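Below is one structure, written out as structure tokens; the observations come after it.
The shown structure was predicted, so the numbers you read here are calculated from the model rather than taken from an experiment. Because only heavy atoms are used, hydrogens play no part in the values below, and waters and symmetry mates are left out as well, while side chains stay in.
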Amino acid sequence: MRREPTAIEGGPLESIPIRAPELRQIIGRQRASAPDWDAFHARSRERRYGGLRIERFAITQVRLASTPTIRRDAVLIAYYHVVAGRFTVSRDGRSFTVAPGESVLMLSTGGYQYHIEDGEYLQALVPLQAFDPLEIADVLDAIDLPLQPDAVSRATWALLIALLDDPDDDPSDEVVASAAESAAAAAITQVAAVAIREQVSAGRRSSILSAAFLYINGHVSDITVDLAAMACALGTSSRTLHREFQAIGTTPMAALRNARLTAAAQRLASRAPLASLDELARDCGYSDRTSLTRAFRRRYGRSPAEYRTRATSVGPGAL
């Protein structure tokens, strides 16, 4: 459906669908306005590791109005870094500008308006499921806050650029891709933690959502947990709990499933001995090894045994 022309800082321009795939995934179904298509340069570099995408691109000027991503899309945390130029964003009635050297975290389910001018930009798109359940609330709390350059953000971008430019990694290898996703998520979590300490955004975090992720992290192995039990433990209703998770593009039970599979992958990738797949299944909230294997293969593309063999042979220095 065609949107009305959008005015951002310079009056309305003709609204035209943008064809650039590197922007479509982050901001969903959108319309873009630009002086001409020559103003939008193709990205100079892209690398994918599973659901992780790292890109470097240049734009002279483009104006974008976005709507949230369609629900079947993976929820993404977008980490933008402005190398040069001007990046102005509006959301929910508030605007901010990301200056050269600064970064910003965004959520793919948010509705944004952008004005991007004359610059070079880096972005990393990380699936929400790649983050540790305990860390998600902190990451969400740092979204839409321009982040000043510091040692943590510089180290994070050094990691991401190394992944972007490394010719030796095989992004098609599921274990390497999973490790890259985890490394990027861990680095972005550190950036968010610094941002929260230095620039607290009072009242933005949902206390229910924070408590829910704490509950999920502590009940990975509890096979009896369902939506009603989770809501009861948190002192809220199932409907309210579902609505809180819907705001970040997922559901309580999907978050629990993700936490279980993440825990299983972490155990398999470690060099600690495992008694059996049945024990691992029980520890990660599955009734038996068959249930775990089915869910694990659907997420990681390999059976748990294949994943462990590959992870331990690649070793911790794979990246």
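No side-chain heavy atom of Leu160 sits under 4.5 Å from any side-chain heavy atom of Arg56. A 4.5 Å side-chain heavy-atom check between Leu76 and Val126 finds every atom pair outside the cut-off. When side chains are defined from C-beta on, Asn258 counts as touching Arg299, because their heavy atoms get closer than 4.5 Å. Inter-residue side-chain proximity for Leu163 and Tyr49 is flagged as met; some heavy-atom pair is nearer than 4.5 Å. Contact annotation: the side chain of Thr97 approaches that of Arg86 to within less than 4.5 Å [non-hydrogen atoms, C-beta and beyond]. The closest side-chain heavy-atom distance from Gln123 to His81 is not below 4.5 Å. Residues Leu280 and Leu277 have side chains in contact (heavy-atom distance under 4.5 Å, counting atoms from C-beta outward). In this structure, Tyr286 and Leu261 have side chains that are in contact, with non-hydrogen atoms separated by less than 4.5 Å.
The main-chain N or O of Ala185 is found under 3.5 Å from a side-chain atom of Thr189 such that the two form a donor-acceptor pair. Remark: the backbone N or O of Ser276 is not paired with any side-chain donor or acceptor of Glu279 at under 3.5 angstrom.
The structure places CZ of Arg257 at 10.5 Å from CD1 of Ile216, a figure rounded to the nearest 0.5 Å. Put simply, CZ on Arg154 and OG on Ser103 are 11.0 Å apart, with the number rounded to the nearest 0.5 Å. Expressed to the nearest 0.5 Å, how far CZ of Phe87 lies from OH of Tyr121 amounts to 7.5 Å. Annotation: the span from Glu46 atom CD to Leu125 atom CG amounts to 9.0 Å, rounded to 0.5 Å. To the nearest 0.5 angstrom, Asp150 atom CG is 10.5 Å from Gln190 atom CD. Going from atom CD of Glu181 over to atom CZ of Phe131 covers 10.0 Å, rounded to the nearest 0.5 Å.
The aromatic rings of Phe213 and Phe245 sit tilted, their planes meeting at an angle between 30° and 60°.
Taking each heavy atom of Pro273 and Arg308 in turn, the nearest pair found is CA-NH2, 4.2 Å. For the residue pair Ala231 and Ser238, the shortest heavy atom distance occurs at CB-N, 3.6 Å. The two residues Trp157 and Ala124 come nearest to each other via the heavy atoms CH2-N, 4.1 Å. When all heavy atoms of Thr224 and Asp222 are compared, the pair lying nearest together is OG1-OD1, 2.6 Å. Contact between Ser287 and Ser291 at its shortest, heavy atoms only, is OG-OG, 3.4 Å. Taking every heavy atom of both residues into account, Val82 and Ala99 meet most closely at CB-O, 3.7 Å.
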When you look at Leu234 and Leu241, which way does the side chain to side chain contact (heavy atoms under 4.5 Å, CB included) test go after all the steps?
-> CA-CA 9 Å; Leu234 297 172; Leu241 184 60; 3.9 Å; yes
Stepwise side chain to side chain contact (heavy atoms under 4.5 Å, CB included) check, Val89 with Val104 | CA-CA 10 Å; Val89 187; Val104 66; 5.8 Å; no
Side chain to side chain contact (heavy atoms under 4.5 Å, CB included) between Asn217 and Asp132, intermediate numbers included | CA-CA 9 Å; Asn217 195 68; Asp132 187 299; 3.8 Å; yes
Test side chain to side chain contact (heavy atoms under 4.5 Å, CB included) on Leu140 and Ile77 and set out the steps.
-> CA-CA 9 Å; Leu140 293 178; Ile77 299 294; 4.2 Å; yes
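In the hydrophobic cluster analysis, where Ile, Leu, Val, Met, Phe, Trp and Tyr join through side-chain heavy atoms closer than 4.5 angstrom, Val220 is grouped apart from Leu214. Tyr215 and Ile223 end up in different hydrophobic clusters when Ile, Leu, Val, Met, Phe, Trp and Tyr side chains are linked at under 4.5 Å.
Between Arg47 and Asp166, no side-chain nitrogen of the basic residue sits less than 4.0 Å from a carboxylate oxygen of the acidic one, so the salt-bridge criterion is not met. With respect to Arg294 and Asp288, no salt bridge is recorded, no charged nitrogen being found less than 4.0 Å from a carboxylate O.
Tyr79 and Thr156 form no side-chain donor-acceptor contact under 3.5 Å, judged by distance and modelled atom types alone.
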